[in-house]
Structures are given as C-alpha cells and as structure tokens.
Amino acid sequence: MKDIQTFAKQYQKDMGWDITEESYTKSRESLLNNYMLLTTEVAEVAEELRKAFNLTASYVENGMEEEQAFELAKKQIKEDIGKELSDCLAYMLKFYNYFGIDLEENFYAKMAEVKKRKNKDSVNLPK
Ligand SMILES: [Mg+2]
C-alpha cells in the first residue's frame, strides 16, 4: 500500500494533477474540483453495475438462467469496472497524499473501528 501511495504521489506530480497547496483559495478550488471528479468516478462504477444488471435482465429474457446470466454479465463488465474503481482509487489517493495520511495505517485502524461498531449494532442487522 505504501508503494501505491508513493507511486500515486509521484504520478500526480509528474502529470501536474496533484492537489495544489499554493494558497487557501487555490487549495479550496483544487480540493473541490478533485472531490467532484471523485464523485464522477463513483458514478461511473454505478453505470457499470447498471450495465451488468441490464445485461443480466436481457439474458434472462432470452431464456438464460438468472445466476448464469449474472455470472456472464459480471465477466463482461469486469475490465471496465476495474478501470473505474482504479479511477476512484487515484482520486482517493490524492486526498490521502494531500492530507499526509498513511493509507494503510488509516485503513486498518478504520476497519478495526468499524468492526467494533458493527458488533455493537449486529443485533439490529439482518442476517
Ligand atoms: Mg472513469
């Protein structure tokens, strides 16, 4: 994880795509722009899911068994959804790097926090 974060930092710097630290005004504009781009990429993930569900429905309409249809649809979107998830990760890494947050350390700490919280709430959760 450290490697991917370091790679992203250098890559974004080389491309001139890093979030600027020039001034509050420019940082604010750059942060908001990158936030907007991140949410656009998240929407592109949704589009891939929608494509998979539409493909599944169309295969089922043509007589294919539902689980088999969904497996086929997942295979068909795998490459593109992978690209969109990578786009999301690239923008997320920009934010980690801008704020000087260690991704790996933060991720494990947050997952531990969520695990504790989930256990407390599990009584109310289905399954
Ligand atoms: Mg994209």
Side-chain angles (χ1 to χ4, degrees):
M1 280 298 202
K2 199 92 187 158
D3 290 347
I4 199 172
Q5 192 167 4
T6 304
F7 170 85
K9 191 172 196 157
Q10 190 58 51
Y11 180 83
Q12 286 154 0
K13 197 175 178 178
D14 291 347
M15 302 296 281
W17 291 343
D18 48 342
I19 298 170
T20 185
E21 294 180 59
E22 229 176 291
S23 66
Y24 167 67
T25 305
K26 289 193 175 182
S27 291
R28 185 178 188 274
E29 184 184 315
S30 185
L31 283 163
L32 289 172
N33 188 43
N34 278 284
Y35 175 72
M36 181 185 69
L37 293 169
L38 169 63
T39 59
T40 302
E41 296 304 337
V42 172
E44 289 176 4
V45 172
E47 278 180 28
E48 291 304 320
L49 292 174
R50 194 169 52 117
K51 196 187 297 174
F53 301 146
N54 287 339
L55 281 168
T56 302
S58 126
Y59 295 144
V60 168
E61 241 176 67
N62 290 310
M64 194 181 282
E65 189 270 323
E66 193 174 70
E67 295 303 323
Q68 188 189 352
F70 187 46
E71 283 306 311
L72 180 60
K74 282 197 295 185
K75 276 184 198 145
Q76 287 179 292
I77 65 146
K78 186 177 176 179
E79 187 180 337
D80 288 340
I81 201 167
K83 288 178 185 177
E84 301 309 342
L85 289 166
S86 291
D87 283 340
C88 292
L89 185 57
Y91 284 110
M92 288 172 64
L93 285 165
K94 276 195 200 188
F95 283 94
Y96 281 103
N97 285 333
Y98 176 81
F99 287 101
I101 297 165
D102 182 302
L103 164 64
E104 191 168 4
E105 196 182 295
N106 191 271
F107 178 78
Y108 287 125
K110 178 61 183 176
M111 291 305 105
E113 187 187 310
V114 169
K115 195 173 190 178
K116 278 187 208 160
R117 191 175 62 209
K118 186 179 177 258
N119 289 343
K120 279 182 196 162
D121 296 342
S122 63
V123 179
N124 300 321
L125 295 172
K127 194 176 170 183

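Remember, it's 1-based here, ligands and their atoms both numbered in the order they're listed. Excluded from the calculations below are hydrogen atoms, water molecules and symmetry mates; all remaining heavy atoms, backbone and side chain alike, are included.
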What I'd like to find out is whether the side chain of Y98 reaches to under 4.5 Å of the side chain of L31, using heavy atoms alone. yes
Under 2.8 Å from the Mg ion (ligand 1), which protein atoms of type N, O or S occur, listed by chain and number? E41 OE1, E44 OE1, E84 OE1, D87 OD2
Report yes if the side chains of K51 and E48 come closer than 4.5 Å at any heavy-atom pair, otherwise no. yes
Identify each donor-acceptor pair in which a side-chain atom of residues 32-45 lies under 3.5 Å from a protein atom, sequence neighbours left out, and give them as a table.
residue	atom	partner	partner atom	Å
N34	OD1	K94	NZ	2.6
N34	ND2	S30	O	2.9
T39	OG1	Y35	O	3.4
T39	OG1	M36	O	2.8
T40	OG1	M36	O	2.9

Within a strict 4.5 Å, meaning less than it, do heavy atoms of the L93 and L103 side chains meet? yes
With the 4.5 Å side-chain cut-off for hydrophobic clustering, are L55 and M64 part of the same group? yes
Distance-minimising heavy-atom pair for E21 and S27: CA-OG, 3.5 Å
